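Notes to accompany the following structure.
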Amino acid sequence: MPTAIISVPIGKLPPGHLILTNGVSTALEQLAWGLLDPGDGILLAQPYYGNLVAHVSLRVGATVIPVSFEPSIDPFSLSAVSAYHLALTKWEQSTGKRVRAILLCHPHNPLGRCYPSNMIQALMQLCQEHQMHLISDEIYSLSQWENPIDNIPSTPFQSVTTINTAGIIDPHRVHVLWGLSKDFGANGLRVGAIVSQSNQQLHSALGRLSWYSFVAGPSDMAATSLLEDDEFTAHYLRLNSQRMRAAFVTAARFLRDSRIPYRRGPHAGVFLWIDLGTKFCELHPRERMGSWDLNREISERLQAQKVMLAPGGLFGAQTPGWFRLVFTHPEWYLVEALRRIVVALS
């Protein structure tokens, strides 16, 4: 049985609770290697950031099981937990194999929302019942902003590390990932971390593996200098939040005025989940909304306008026509890109 380590808030984590890696992609792959065997299943809600699939499957050999939701179900609500249970049950019964973990992207990529604590606790209970691990990828945790457009209450981010697991889940089954690349725009530094507060056996195993994924010395020094400068960090995060809010408002208003739907309610991260299929089929009635050829047709038109949007097929979209738009650009650049999107659909 793993040795217990007392859980503490994310800002007060002892060094012994962390394993540093050269990026969060490496952190997820190493954590999957430590927790999963080839053929094991891991649940991931649709839509999802497509590269998460590669991180847990290419070398680890685990199988990602998409969790789909009925249109009436909010994937961030308690009612969504039953979808996780259904996906788990169907996969285990059909394959005879075990689901070993749930992977959350929190805040979510590409939907830009945070999971409320009651939802996370319900997923913890599900993990406990089925002896699974809960992995929370919190790489956008400091990238929150006010959404003044959609009139939908936002859920403040709460790290999984701050939730009291007593009576809910064995704490050695809870793990968090974080890094500098998104919140601080420092992808090139390659600094990531696995936070596991109650699993000494996992630390022992991954500590040996980490010999092959050390953080580079110059990156270590730069990250330390950054994170020890509280005044700069606080100023940077405030300014970053303000600029993300302004960019979101520009994009959301443009999309609304152009009658292009997007998934409402984002308040974290740098993207919008937009529905280009509905608008395109209104303008071109012969096109079929139910066909995945729709994504190819729209992508080709976007490329002709020299605009690159990630198609929903790369994100496990349940229906065609959806794309991920990254809106954190200078205003003139963003407006020009949005204008070209409208031209591409016409």
Side-chain angles (χ1 to χ4, degrees), residues 5-31 34 49 51-52 55 105-107 109 112 114 135-146 156-162 174-197 199-200 202-204 206-248 267-271 326-330 333:
I5 304 175
I6 298 173
S7 294
V8 292
I10 188 73
K12 301 179 181 179
L13 289 172
H17 290 181
L18 298 113
I19 297 172
L20 296 181
T21 65
N22 54 10
V24 173
S25 296
T26 302
L28 177 55
E29 185 183 65
Q30 290 193 3
L31 185 59
Y49 175 52
N51 283 344
L52 296 177
H55 300 334
C105 196
H106 171 52
N109 175 4
C114 300
I135 303 169
S136 180
D137 179 350
E138 301 183 358
I139 196 170
Y140 289 99
S141 59
L142 300 178
S143 298
Q144 300 173 77
W145 35 270
E146 178 193 7
F157 172 80
Q158 180 181 6
S159 174
V160 169
T161 62
T162 67
V174 179
H175 318 276
V176 166
L177 308 174
W178 186 77
L180 291 176
S181 61
K182 309 304 182 186
D183 291 332
F184 288 94
N187 185 61
L189 287 183
R190 308 310 304 154
V191 178
I194 301 168
V195 183
S196 188
Q197 300 181 80
N199 197 325
Q200 195 59 51
L202 178 67
H203 277 267
S204 178
L206 297 189
R208 289 162 174 77
L209 190 65
S210 67
W211 280 94
Y212 305 101
S213 59
F214 278 150
V215 176
S219 297
D220 192 341
M221 295 172 61
T224 300
S225 177
L226 169 67
L227 297 176
E228 286 184 341
D229 191 339
D230 294 339
E231 183 178 355
F232 168 80
T233 300
H235 169 73
Y236 167 82
L237 292 175
R238 283 195 301 269
L239 182 60
N240 194 39
S241 177
Q242 293 168 5
R243 290 181 175 177
M244 285 188 289
R245 177 190 186 276
F248 163 75
H267 57 272
V270 298
F271 19 68
V326 176
F327 59 79
T328 45
H329 300 283
Y333 187 100

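Note that the coordinates shown come from a computational prediction; the quantities given were computed from them, not determined experimentally.
- The closest donor-acceptor contact from the side chain of Ser136 to the backbone of Glu138 lies at 3.5 Å or more, if one exists at all.
- At distances below 3.5 Å, at least one donor-acceptor pair connects side-chain atoms of Thr224 with backbone N or O atoms of Asp220.
- Looking only at side-chain heavy atoms (C-beta outward), Met244 and Val270 come within less than 4.5 Å of each other.
- Looking at Leu226 and Leu189, their side chains never come closer than 4.5 Å, going by heavy atoms from C-beta outward.
- With rounding to the nearest 0.5 Å, the separation of CZ in Phe232 from CG in Leu239 is 9.0 Å.
- Between the OG atom of Ser25 and the CG atom of Leu52 there is a distance of 8.0 Å, given to the nearest 0.5 Å.
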May I have the step-by-step check of side chain to side chain contact (heavy atoms under 4.5 Å, CB included) for Asn240 and Trp145, ending in yes or no?
CA-CA 9 Å; Asn240 194 39; Trp145 35 270; over 6 Å; no
Could you walk me through whether Leu13 and Gln197 pass side chain to side chain contact (heavy atoms under 4.5 Å, CB included), step by step?
CA-CA 8 Å; Leu13 289 172; Gln197 300 181 80; 3.4 Å; yes
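- For the residue pair His175 and Ser196, the shortest heavy atom distance occurs at ND1-OG, 3.0 Å.
- In this structure, Asn199 CG and Ile194 CD1 are separated by 11.0 Å, a value rounded to the nearest 0.5 Å.
- Note that SG of Cys114 and OH of Tyr140 are 12.5 Å apart. Values are rounded to the nearest 0.5 Å.
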Please test Leu177 against Ile135 for side chain to side chain contact (heavy atoms under 4.5 Å, CB included), starting from the C-alpha separation and ending with a verdict.
CA-CA 8 Å; Leu177 308 174; Ile135 303 169; 4.2 Å; yes
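- Between Leu202 and Leu31, some side-chain heavy-atom pair lies under the 4.5 Å cut-off.
- Every pair passing salt bridge (Lys or Arg N to Asp or Glu O under 4.0 Å) that includes a residue from residues 226-247 is listed here, sequence neighbours excluded: Glu146-Arg245.
- Within the 3.5 Å criterion, the main-chain N or O of Leu142 finds a donor-acceptor partner in the side chain of Asp183.
- Closest approach of Leu180 and Ala223 over heavy atoms only: CD1-CB, 3.6 Å.
- In this structure, the separation between OG on Ser159 and NE2 on His106 is 6.5 Å, given to the nearest 0.5 Å.
- Scanning for side-chain contact (heavy atoms from CB on, under 4.5 Å) contacts around Ser213 gives Thr21, Asn22, Thr26, Gln30, Ser210, with sequence neighbours left out.
- Residue Gly269 comes nearest to Phe327 through the heavy atom pair O-CZ, 3.8 Å, listed as atom of the first residue, atom of the second, then distance.
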Show, in sequence, the C-alpha distance, side-chain angles and deciding distance for Tyr49 and Phe271, and conclude whether the side chain to side chain contact (heavy atoms under 4.5 Å, CB included) test is met.
CA-CA 11 Å; Tyr49 175 52; Phe271 19 68; over 6 Å; no
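- Atom CG of Leu206 and atom CD1 of Ile19 lie 4.0 Å apart (nearest 0.5 Å).
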